[in-house]
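Chain A is the first sequence line, chain B the second, and so forth, proteins listed ahead of strands; every chain is numbered from 1.
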Amino acid sequence: MAIDISDPSIDTLAPTESQIVEERNLETVEMTINMGPQHPSTHGVFRMVLALAGERVQQVEPFIGYLHRGAEKLGEAGDVEGYRKAVIWLDRTDYLSVWPNEHCYMLCLEKLAGLQVPERAEYIRVILSELGRINSHAMFYGAFGADAGATTPFMYAFALREELYSLFEAVGGQRMFPNYFRPGGLREDVPADFVARVGHVVDTGYRACDEFDRLLSGNEIFLARTQGIGVVSAERAIDLGLSGPVLRAAGMPLDVRRVEPYSLYDRFDFDVPVGTRGDCYERYLIRLQEIRQSLGIVEQAIRDLPAGPIMGNAPKALRPPKGDAYQRIENARGDFGVYIVSDGRSAAPYRVKYRSPCFVNLQGLNDMVVGAYVADAVLALGSIDIVLGEVDR
Amino acid sequence: MGIIAPDRASAGTSSAIGNQTAVAGAPGTLPELNPQPENLYARLPQGIVTTSVDQLFQWARKSSLWPMTFGLACCAIEMIGTFMAKHDLDRFGLIGQVGATPRQSDLMIVSGTVTTKMVPAIKTLYDQMPEPKWVISMGGCATCGGPYYRYPTVVQGVDQAIPVDVYIGGCPPRPEALIHGILKLQEKIMRQAKEGRRPTPDMELVLAGDGVAAA
């Protein structure tokens, strides 16, 4: 990839004052426009009200809540086996990469209830989580390209996603929400050709990544539209609590898999891509790199996959002792956390709380969008990579 | 549709190619069972096609349903996947519009959970679509609330706000299921040629008025 990303000749923000307006004393009116909740580029039912001076955004007001479905409250539904059931609403929060969230919930529940997970089950969980991350980043690639006006990469992204969905269906029985992880392990063992299939998917993934790069990463229109756009500095990102590729693009090498390794991530050798400038282009590059790193993790996990049982010592009726537990993971979007409170006797949790990275990352929208053009606002929003299920839960 | 076509079984000189098929078949086989010649023009009925205007219009409408990009939640991802290369919806006439405006759509695929906050927007968008329009409710949430049963902010089915023509179950429905639903809608559209379409509010006014024929 021969791309010079430090080219200073790229003009980012031209002066807000217009010479013509000043010289001729023209009256300009600030316009308020509404984007969403139905909009092709708001990535879901997200609404932004923008106050514009010409094409420049002066103020932005985001509205969320159009997809509030009560994942947390329904998790307290206590009729039958609420601890096991609460995960189905969590699946549907981050519906692009389903597995990491499921993984986080199971880890948290196992922490709370003191359950042991066999190694084979954990390896398979890691493999599926990383494939889920790839799934989400592929969707990001397609949607981000579409935001910039490129409609073809979307097709290629979904070609990769269909491969992954076929694998998920073979393993779990359903493409999107297989509900395959269980407290203590997995619902059932993987099919006999799992290793071969995953190897094939990994090969496809590497080729797809190269194809994604060839399609978009060097395209001069794409570069002009994404470089220097939506910049958030590292200090500001830390202040706002951003996480994930948004934070790493700004220069902070914070990945929960490195900082607080969970599951088996301390056994795998992978890089954490970090940027320098904190703009949309770097977030895009980081996510593409993360696909490659995830493929590397999957390769290592498949190589080391042990034989053995896939379910630990979880009782059928799960009643964790009174207390609480918090588990953080690195989601495709950032620092995802599950907090479960148990009262010791109910069939369902007393409280489940999900710390959503998208919800927090959206706080950075103001910094990214104010002062930029409307078209840049669309790209900045796309580069945060929100999924409204997670924002609204 | 009724087709008035020349008699193929006759070995007259009207169609030399028709002669060839009769000859090419083995003795004793019916001419209709012989494979059709490759010439397209020979396969078209040479004659007059009769149909009703209603059927013609409904055929045109069902063959180019343009959906409004209305993805709400997880089902939207499967809907987008159905538009993509593996399960192409373009071959059914549904184009994935780049400019997704309700003003130029005739199909609204409600894919995802409908919340109470979203209902005014859905109603507005539905009203902004010009007639004739159809609604497919895709997935469990849009059909009946789905897994979010009785959650206060989740509307238990989009048909509480707008009329729905086809319901597709699933969480999320497979792309094949969505295609099946669209094909069912196309069948329904053709049936509407005889049975008439769902009366719209303004049509009802017209029908209740002084006898001006409805469109």
Quiz item: Among B:T153, B:V154, B:T113, which residue forms the greatest number of heavy-atom pairs with chain A at distances under 4.5 Å?
Solution: B:T113
Exercise. Output the residues of residues 161-173 of chain A for which the shortest heavy-atom distance to chain B is under 4.5 Å, in residue-number order; output 'none' if no such residue exists.
Key: A:R161, A:E162, A:Y165, A:S166, A:E169
Under 6.0 Å from the [atom1] atom of [X], do we count more than 12 heavy atoms belonging to anything else shown?
| X | atom1 | result |
| --- | --- | --- |
| A:Y180 | OH | yes |
| B:F92 | CZ | yes |
| B:Y149 | OH | no |
| A:I221 | CD1 | no |
| B:K86 | NZ | yes |

Is the closest side-chain heavy-atom distance between [X] and [Y] below 4.5 Å?
| X | Y | answer |
| --- | --- | --- |
| B:C171 | A:M176 | no |
| B:F83 | A:F154 | no |
| A:Y95 | B:C75 | no |

Enter the distance from [X]:[atom1] to [Y]:[atom2] here, rounded to the nearest 0.5 Å.
| X | Y | atom1 | atom2 | value |
| --- | --- | --- | --- | --- |
| B:C74 | A:L388 | SG | CG | 11.0 Å |
| A:R175 | B:E78 | CZ | CD | 4.0 Å |
| B:R150 | A:L74 | CZ | CG | 10.5 Å |
| A:K73 | B:Y151 | NZ | OH | 8.0 Å |

Practice problem: For the pair B:T115 (side chain) and A:H68 (backbone), establish whether a donor and an acceptor sit closer than 3.5 Å, ignoring hydrogens and angles. | Solution: no
Quiz item: Which atoms of A:R92 come close to chain B, meaning under 4.5 Å heavy atom to heavy atom: side chain ones, backbone ones, both, or neither?
Solution: both
Measure across [X] and [Y] and return the closest heavy-atom pair with its distance rounded to 0.1 Å.
| X | Y | result |
| --- | --- | --- |
| A:M139 | B:I77 | CE-CD1, 4.0 Å |
| B:Y148 | A:R69 | CD2-O, 3.1 Å |
| A:M155 | B:A85 | SD-N, 3.9 Å |

Quiz item: Can you name the side chain to side chain donor-acceptor pair (under 3.5 Å) partners of A:N179, sequence neighbours left out?
Solution: none
Quiz item: Of all residues at least two apart in sequence or in a different chain, which pass the salt bridge (Lys or Arg N to Asp or Glu O under 4.0 Å) check with A:R351?
Solution: A:E72
Quiz item: Can you name the residues of residues 118-129 of chain B that have some heavy atom under 4.5 Å away from a heavy atom in chain A?
Solution: B:M118, B:A121, B:L125
